[in-house]
Amino acid sequence: MTAPWRSQDFGARVLLALIAVASALRVVLCVVYNPMANVSSDMARHWNHGARFFDATFMSAIDPPLYQLYLSALRWLSSDHPLTIGLATGLLSATMPWLYYRAARELGLEQVPARLAWLLLAIAPSLLTVYSFFLHSTLLMALMGLGLWMSARHLRKLDRPSWLWSALVWTLAILTKRTALPVATICLAVGWWKGSRRPTDLVLAAAVMAALLIPNAIRSHSILGFPAPVGSGVISHTNFVSGARTIRIQWNGNENYHYASPSSFQYPLSPLSDWQIRTAREDSEVQVTAWAHHGWVDWQRALDAIPFAPERWLERWGENILLYLFAPAWPEAMGTSAIGELNRAFRWVWAPLTMIVLAGNAWWFARHRRLHLIPLATTVLALSLLFQNSYPMEGRYRKPVEPLLLLNAVWLCQPRPGARKTDIRARTGQQPAGAAT
């Protein structure tokens, strides 16, 4: 009777040793391939926002605020020293997989499967090399793992402090990138429904969210002329609706910007096909002139001037689905380096993994007739990205769902998923955390 336990303990120790090596590698790579060596394009924009967060610039108001604040604090604490920046970023990189491990344990995974998920997240190339760049997703993935952990903790404790902690963390994730909104909504909804169902808890959570969202709503309104508490997708939406390769913006008569999606310059099915989206094949541009004192009016006028063709809208939808499934993630999958080649090769994992995980989640729900937070969060985020049709999809926008897909795959393979109970649950007959009937 003791042999299986000894074997399991041995496997857990081996996994822990591999995790330690992978975590050290994540830190070392951020020092060797320092994000400060890649300060160009979007990365330069984020880096500069960190130094001038309180400047009233158009792009700083368009972007979500939390990553700017994170870089501002990082620059202040490090004095822009490359080694300190690399070590701090490496610490964030190594912490991200651990947060999903903590969520997995809280949500019912046994130690060995949870450590296996931790290891997979730590060594997946696309989740490893992205931390060599200043991108929203580096902070977002960590906050989403923390949010899932806090939601699972609330499902176990079912008290008000844990509920408010989950509301706080999910709001921070939304302030990092709007991509987190579907997952935040479903996790908070399940937490409230399985918890008190008291209106007062909703009011308190709304107060926490308002305290974080209102300041940036005021800031963005003073710059843009309309509130954008979690940033605004007006540029990418205009790009999507117009179908133009380049959007040129003249802001307040003296600031000029241009935007082009990396998807317009990629061959997402290469080397199997040289297919590109139509925007990449047609060199066109749209000019937008906007003034802050006009608020949303100038942007709406620009959108109204774009001819609407239903068949083109459907074509862009199909293009977005293909881009979600197969597009390489800019910038880490670009270039001829070994890292770029590795990321381009690894991108073929996500399409079959997405289909397998979604089918497995549907099968699990049909068989058990109850919901669990891991497949629920994964399914909601994957479908919201797969079928969104309001901005041009890019491979990097797939990044936040990738940790969830790997965690979900391990969860599906675990015998009797969610069956672990603490002694208290076993004595009281309480449901495993994360499960909802």
Side-chain angles (χ1 to χ4, degrees), residues 38 40-43 45 125-126 129-130 133 135-137 177 179 233-249 257-288 302-303 305-355 382-402 405:
N38 300 301
S40 62
S41 188
D42 282 6
M43 291 74 74
R45 187 179 85 240
S126 64
T129 56
V130 68
F133 302 87
L135 294 170
H136 290 115
S137 54
K177 198 167 178 63
T179 304
V234 64
I235 298 178
S236 57
H237 182 62
T238 303
N239 177 238
F240 179 78
V241 172
S242 67
R245 181 184 295 183
T246 304
I247 304 296
R248 298 194 180 277
I249 303 152
Y257 304 91
H258 74 274
Y259 168 87
S261 169
S263 297
S264 298
F265 306 93
Q266 293 178 343
Y267 297 87
L269 300 179
S270 176
L272 303 180
S273 169
D274 60 357
W275 175 84
Q276 288 183 290
I277 62 176
R278 180 183 288 194
T279 300
R281 303 191 301 267
E282 299 175 355
D283 190 5
S284 59
E285 68 177 46
V286 166
Q287 179 77 38
V288 178
L303 290 170
I306 298 169
F308 175 74
E311 64 277 6
R312 183 70 182 100
W313 184 81
L314 290 173
E315 181 186 11
R316 289 173 197 151
W317 196 4
E319 290 176 343
N320 267 350
I321 292 174
L322 285 174
L323 289 171
Y324 168 86
L325 292 173
F326 301 111
W330 178 91
E332 69 269 22
M334 302 299 108
T336 58
S337 66
I339 289 178
E341 294 287 350
L342 182 62
N343 275 283
R344 282 194 293 277
F346 194 75
R347 81 182 196 273
W348 296 105
V349 168
W350 302 116
L353 185 61
T354 298
M355 298 300 109
L383 292 180
S384 68
L385 290 173
L386 187 60
F387 294 112
Q388 73 80 22
N389 202 25
S390 62
Y391 55 84
M393 179 53 66
E394 300 179 25
R396 58 175 169 165
Y397 296 162
R398 183 183 58 231
K399 199 73 64 177
V401 79
E402 293 175 2
L405 286 169

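The structure displayed is predicted, hence computed values, not measured ones.
Contact detail for P268 and A327: the closest heavy-atom pair is CB-CA, 3.9 Å. Annotation for R316 and F240: closest pair NH1-O, 3.1 Å, computed over non-hydrogen atoms. Closest non-hydrogen pair, L385 versus T179, comes out as CD2-CG2, 4.0 Å. In terms of heavy-atom proximity, Y391 sits nearest to N320 at O-ND2, 3.0 Å. P328 and A333 get closest at one heavy-atom pair: CB-CB, 3.8 Å.
The shortest distance between side-chain heavy atoms of H237 and L303 falls below 4.5 Å. You'll find the side chain of L323 stays beyond 4.5 Å of the side chain of E394, heavy atoms only. Side-chain contact between T354 and Y324: present, with at least one pair of heavy atoms (C-beta onward) separated by less than 4.5 Å. With contacts defined as side-chain heavy-atom distances shorter than 4.5 Å, the pair S126/E402 qualifies. Contact annotation: the side chain of F346 never approaches that of N343 to less than 4.5 Å [non-hydrogen atoms, C-beta and beyond]. Counting only heavy atoms from C-beta outward, the side chains of Q388 and Y397 never approach each other to under 4.5 Å. S137 places none of its side-chain heavy atoms less than 4.5 Å from the side chain of R396. Side-chain contact between S264 and T246 is absent, with no heavy atoms from C-beta onward closer than 4.5 Å.
To the nearest 0.5 angstrom, E285 atom CD is 4.5 Å from R248 atom CZ. Here OG1 of T279 is found 10.0 Å from CZ of F265. Values are rounded to the nearest 0.5 Å. Here the straight-line distance linking atom CZ of F326 with atom CD1 of I321 works out to 11.0 Å at 0.5 Å rounding. The CD atom of E332 sits 11.0 Å away from atom CZ of R344, with the distance rounded to the nearest 0.5 Å. Note that the CG atom of L405 and the CE atom of M355 stand 9.0 Å from one another [nearest 0.5 Å]. A distance of 11.5 Å separates CD1 in I339 from CD in E341, rounded to the nearest 0.5 Å.
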query: R398 and R347: side chain to side chain contact (heavy atoms under 4.5 Å, CB included), yes or no, with the steps?
result: CA-CA 10 Å; R398 183 183 58 231; R347 81 182 196 273; 4.2 Å; yes
message: I'd like to know whether T238 forms a side chain to side chain contact (heavy atoms under 4.5 Å, CB included) with Y259, so could you lay out the CA-CA distance, the side-chain angles of the two residues, the decisive distance to 0.1 Å, and finally the verdict.
response: CA-CA 10 Å; T238 303; Y259 168 87; over 6 Å; no
task: Take L325 and L386 through the test side chain to side chain contact (heavy atoms under 4.5 Å, CB included) and record every step on the way to the result.
output: CA-CA 8 Å; L325 292 173; L386 187 60; 4.0 Å; yes
message: Set out, in order, the CA-CA distance, both residues' side-chain angles and the distance that settles side chain to side chain contact (heavy atoms under 4.5 Å, CB included) for W348 and L272, then state yes or no.
response: CA-CA 11 Å; W348 296 105; L272 303 180; 3.8 Å; yes
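Ring geometry for W313 versus W317: interplanar angle of 30 to 60°, hence tilted.
Not a single donor-acceptor pair under 3.5 Å links the side chain of R278 to the backbone N or O of G243. In this structure a side-chain-to-backbone donor-acceptor pair under 3.5 Å is present from S263 to M393. Remark: the backbone N or O of I247 is not paired with any side-chain donor or acceptor of Q287 at under 3.5 angstrom. Panel note: side chain R245, backbone A280; a donor-acceptor pair is recorded below 3.5 Å.
No close placement of the W275 and Y267 rings is indicated, their centers lying 6.0 Å or farther apart.
Between the side chains of N239 and S261, no donor-acceptor pair is found at a separation under 3.5 Å.
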